[in-house]
Each structure stands twice: as structure tokens, then as C-alpha cells.
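To keep things clear, I will list the structure first and then write my remarks on it.
None of these values were measured; they are calculated from a predicted model. Note on naming: letters A, B, ... go to the chains in the order of the sequence lines (proteins, then strands), and numbering restarts at 1 for each one.
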There are 2 protein chains.
Amino acid sequence: MSIRAIERAMNVLQELNLQPINTIAQLHARTKLPKPTLVRILRTLEEAGYVENDTRQGGYHVSALVTSLSSGFHKDPLVVEAGRAWAIAITRKHKWPVAIALPDYDGMIIRFSTVPDSLISPFHSTVNRRLCMLTRGMGLAYLAFLDVEDRDVIIGILQKSEDPENALSHHRDELLRLLKQVRENGYATRSSVVEPRNSNTIAVPILAKSGRVLASLGLTYFKSAFDSEQDARERYVPILKSAAIAISEDLSRLSSSMAIDVNSTELLPAF
Amino acid sequence: MSIRAIERAMNVLQELNLQPINTIAQLHARTKLPKPTLVRILRTLEEAGYVENDTRQGGYHVSALVTSLSSGFHKDPLVVEAGRAWAIAITRKHKWPVAIALPDYDGMIIRFSTVPDSLISPFHSTVNRRLCMLTRGMGLAYLAFLDVEDRDVIIGILQKSEDPENALSHHRDELLRLLKQVRENGYATRSSVVEPRNSNTIAVPILAKSGRVLASLGLTYFKSAFDSEQDARERYVPILKSAAIAISEDLSRLSSSMAIDVNSTELLPAF
DNA sequence: CTCCGCTGTTTCGCGGGCCGAAATGGCACC
DNA sequence: GGTGCCATTTCGGCCCGCGAAACAGCGGAG
């Protein structure tokens, strides 16, 4: 009962957001649409200004105008707003993509990702993607720092799950040992039994000043870029930890409603 | 040669982003599309999850999923990334919408706006909107702090413009007097001869540590909410000034590539 | 050079999907 | 009950999007 052409166009636009550059063949494979249809849809989006056909690179990519399709929506939690600039700064300096994930019932949802900023990264932009709590670095980094009561509620929920990625919830001792270690280390990594195997994620919790865990901050890299896992951890764990602390500080300043800043006006230069 | 249904849907989606809630009648008036067509497009977008039909409020609005249409794009300048959290914090506390604008040739372009966050605001989300340099608060706040050389280049360009909003460029003395006053005050406001008359904007420059002006930060309010213009200025100018300084500090920390933070790891708590 | 396999793009005639005037149903106010 | 105005549904016609097929433009292999 709805308009097929529009559904297709929206799917194409979503797909275009998943990669920096998209060939017709890739889009054809992912959307199952006939190529002439894709060309027509892409031309339409291009004439409307949402898409650019980069002939040098041989493919299409979204343009700046796509932001106008969502500019009316930003109800991101403040922790995402506070964290996004830090995430971008890390990616600029260290190249690998960084993401911020928030808890959602029995998993984590990625709310911000610098994948598009990361030139070397062939990863898909993973905004709005759901991550399992027990096998993903960003899930573990959150769960491990949750207070015991809330944590046990979530583990209870996970035990009812059929998802094999939640299997660890049935081995409580093993799970608690893992969480304890995450807490001691101050970071978590993705389980090695889970896809994709050629990359890994290091994640740290973002804590409120009160100590409550709000979100997690994760960096993803290709294993092949480092001699060992240990190398990557030694390099990025301190960076992520200090960024998490900086986000936490920004956050408390922001939510304190700028009372201090307003009072200190007399200290300001004359502008 | 392009697909009409898609063009229409994209226009509707853009319009939906301009107001928190949109009735069919409003959309009909703005897009000139027949109402049955609108209903069909909206149902399509709703089934795809981009739009919600809020029957209580009697209208449609974009949903969280629209972010997936632009999640692959964030090449915002760092100053926008650094400033957005502060803009949101101001709007949360003081309700009025706040925007960040960047220079673009002979005008300013709004790159971020908290209009959607501002419940009281019936203003349109103005992201990507162009503002005149000489009549708008955000333009003057930028231009006044530009170094003399660059400033004169822009004034030269403006003098060639036919736009009546750029008329002041032909009265150099008057213009320079205005800019001098903006510099002394540390803020600018929108010219009173320009639409919309029922609101006003107070804007301050965002300066790099080097002193170079990067962008402007503006707050818009209804005149009727205050006894006088002076009341509004006394209240919001200090807030905007301190926020601009905070953004500037965040920015220099972010672009210093976090070298300091990384080295201070030993000071961190154990997480 | 020619063939091949792979791209992205254009052609074109068929058919069904989108279109919108008109009708319907719903709600608020007089 | 009447009168607007609203969102939504109906339905027949016509147009417009559809996609198989053909075309064109590579680069590499034979």
C-alpha cells in the first residue's frame, strides 16, 4: 500500500551511509535492486543534492545535504554530545574508528561512530547497531562497571535469551570472573569467538562523576596492523581511558548548567 | 528524467525536519503537494520507520531512524563538534534555541542548531541556511572580529551584491562604526529592519586560541518574552561569551591531539 | 588485435503503480 | 443541525517507473 519507489530510495540512501564510497555493483549486491533502477534512483538523489557521483573513485557517496534529512532530530543523550568531539579527535590522530554505545535493555546500541571519518576503515558505519552485552567489548565495559544489583537483573534477562552470543550468562562463575577482570583492567575487548575475526575492539566505560556507568567508548582496529594484541592495548587503552575521563568532566560541567561560567564573567577578556 | 515520487518524498522529509510537529495541512501548504499524495508518502516513510504519526498531537514528526540517513556523513569542522554540546546545554537551561554558524564566502551558514531541542521554539530548524553578513547578528559577530585585511575583502564582495540586505556595505563609515561597536561590546544583534521582527538574535564570536575568529554562536528569542532588548542582552550575553570561551578551550585541547592527556595516564584512577 | 568478463549507463515498450479530484468520515465550534 | 476544516479513503485513468536487453568503456589474458 505504500510507494515502492520511495522505499527503495530510502534503502539505497541508508546503504550509501554505510560506506565512504559505493559502486553500483556493491549496491546491487546489497539491495538486490536491478542496476538500471539503482542508476535512476541515484540520479534522482544526485539531482536533489543528497548524493555525489565521484567519477574519480568510481562510485557514489552521500553529500553534506543528507544532514538536512535528520537535522530536526537530535535527542542524543548528553553523554553522546559530550563524547563525540573526543571520539572524532581520537580518530583524527590515530585513524581507527571510535564509537560510543549506550545500554538498551539487554544489549548496547551504538549511538555515535567515527567510521566515516576513518579513511583507513572499511568498516560499516554502525550507528544504531545493537551489540551483545557479553561478547562485545563495549557491552562488557558497561556491564562490568554496573552496580551489582542492576547487573544481576541484566544477567537474569540474558539467561532467558536463546542467542548463542549470550551463552556465557549460563556460566555465572566464569562470567563474574571475566567482569572482575574487566573492572581491574579498566577496559574490555571483544570476545575472540565472535565475528569479525580480523578486527578487535577495545572499550572503556564512561562514568558519571557519581561513579555510575553511563556508556562505553570503543576503538576498533585490524589485528593485522599490530604485532600482538598486547601492542594495541598498550597503545590505545590509556588514550581511551583519558578520553573517557575528559568526557566525564565535560559532562559534569555541561549538566551543572554553566552556573560557574556565568558568574565568572568578570574574568573574561573584553572580546 | 528522475523519479518524481522520490523527489517528493525527500522534500517532505526535509520539511518534516523543520518543525517538531507537522500537520498534513502545513505540509500541503509548504510542499504544494496534494494531500492524498502527502498521506501516501507519509505512510511509506512511517512504515519504513523514519516518521511517526503522533495522533495525540495530530501530526507527523521524524523519528530516531532518520539519523541513519546521514550517519555516514560527519565532516563538520571541529569547532562545530566542540560547540554542539555547549549549545545544547544552553538550550536545556534557558530554553531558547542556539546555533553555530560558519563563514561561507560573503555570508554565514548555520551548521548546527538546537531548534529541535527547544520546546518553546516555533522557529524552523535552520541548519544549512544562509545568513547575510551585515544584517544578521551571527554575521556581524564574525565580521567584526575578522582581521582588517580579510574584512575588507568581504566588504568589497558585498558591495557588488544587489541584495538589499547588503546595502550597508555602500556606507563604509557607518559600517565600520557598527563593527567597532560590536567589537567593543563583544556581541552583535540582528538588525531591526530585517525579518522576522518578532524575534531577535544575540551572537558572539568563537575565537581560536590564536585570536582568529572561527565561527559565531547565536541565541534567538522572542522579543515579547522580555520587557526590553536590554533585559535580554544582560541576561544572555555573559552566557554566550563564557560558552564561546569554553568552546575555544575545548577546541584547543581537542586539536592538540590529546598529547597531554596520554602522558598523564598515571594520574588516572584504576577505573 | 581480439576476445572476454567485468564494469556503469542508456534504450524502449509494456504494464501496473502512482496520481489526485472527489467523496468520506471525524472533530470542534457556532 | 449546520458549517467549516481536518485527515484519510476511494477509484478509474493515465502516466511513469520498470527492468530485460543492448550498449559502451574499461583492463587483463590469450
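Protein atom CG of A:L45 is 13 Å distant from nucleotide atom P of D:dG17, rounded to whole Å. Rounded to whole Å, the distance from CG on A:N22 to P on C:dG8 is 11 Å. Rounded to whole Å, atom C1' of C:dT9 lies 15 Å from atom CG of A:L27. Summarising the geometry, the separation between CD on B:E46 and P on D:dA7 is reported as 14 Å, rounded to the nearest angstrom. Computed from coordinates, the B:I41 CD1 to C:dG20 P distance equals 9 Å when rounded to whole Å. Note: CD1 (B:I24) to C1' (C:dG26) measures 15 Å, nearest angstrom. Here C:dG17 presents its C1' atom at 12 Å from CD of A:E7, a figure rounded to the nearest Å. The distance between atom CG of A:L33 and atom C1' of D:dC18, rounded to the nearest whole Å, is 11 Å.
Distance from the side chain of B:P36 is smallest to D:dT10 among C:dC18, C:dG8, D:dT10. For B:K35, whose side chain is taken as the heavy atoms from C-beta onward, the closest listed nucleotide among D:dC6, C:dT9, C:dC18 is D:dC6. Distance from the side chain of B:A25 is smallest for D:dA7 among the nucleotides C:dG8, D:dA21, D:dA7. In this structure, the nucleotide among C:dA21, C:dC19, D:dT8 sitting nearest to the side chain of B:R4 is C:dC19. Distance from the side chain of A:R8 is smallest to D:dC18 among D:dC18, D:dT8, D:dA21.
Between A:N53 and C:dG8 there is no side-chain polar atom (N or O) within less than 4.0 angstrom of OP1 or OP2. When the side-chain nitrogen and oxygen atoms of B:T37 are compared with OP1 and OP2 of C:dG20, one or more of them lie within a distance under 4.0 Å. Within the structure, every side-chain polar atom (N or O) of A:T23 is placed at least 4.0 Å from both OP1 and OP2 of C:dT7.
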For A:T220 and A:S199, what are the C-alpha separation, side-chain angles and deciding distance, and is it a side chain to side chain donor-acceptor pair (under 3.5 Å)? CA-CA 7 Å; A:T220 300; A:S199 69; over 6 Å; no
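Looking at B:E234, its side chain never comes within 3.5 Å of a backbone N or O of B:D231 through a donor-acceptor pair.
Classified by interplanar angle (parallel below 30°, tilted 30° to 60°, perpendicular above 60°), the ring pair A:F112/B:H74 is tilted.
A:P34 comes within 4.0 angstrom of sugar-phosphate atoms only, judged by non-hydrogen atoms across all strands, and of no base.
Counting atom types as modelled, B:R40 pairs a side-chain N or O with a base atom of C:dG20 as donor and acceptor under 3.5 Å.
Side-chain N/O atoms of B:N22 and B:Y60 include no donor and acceptor closer than 3.5 Å.
Taking for each of A:A5 and A:Y60 the nucleotide of DNA chain C with the nearest heavy atom, the 5'-most of the two is the partner of A:Y60.
For B:R130 and B:D106, the salt-bridge test passes: some basic side-chain N is under 4.0 Å from an acidic carboxylate O.
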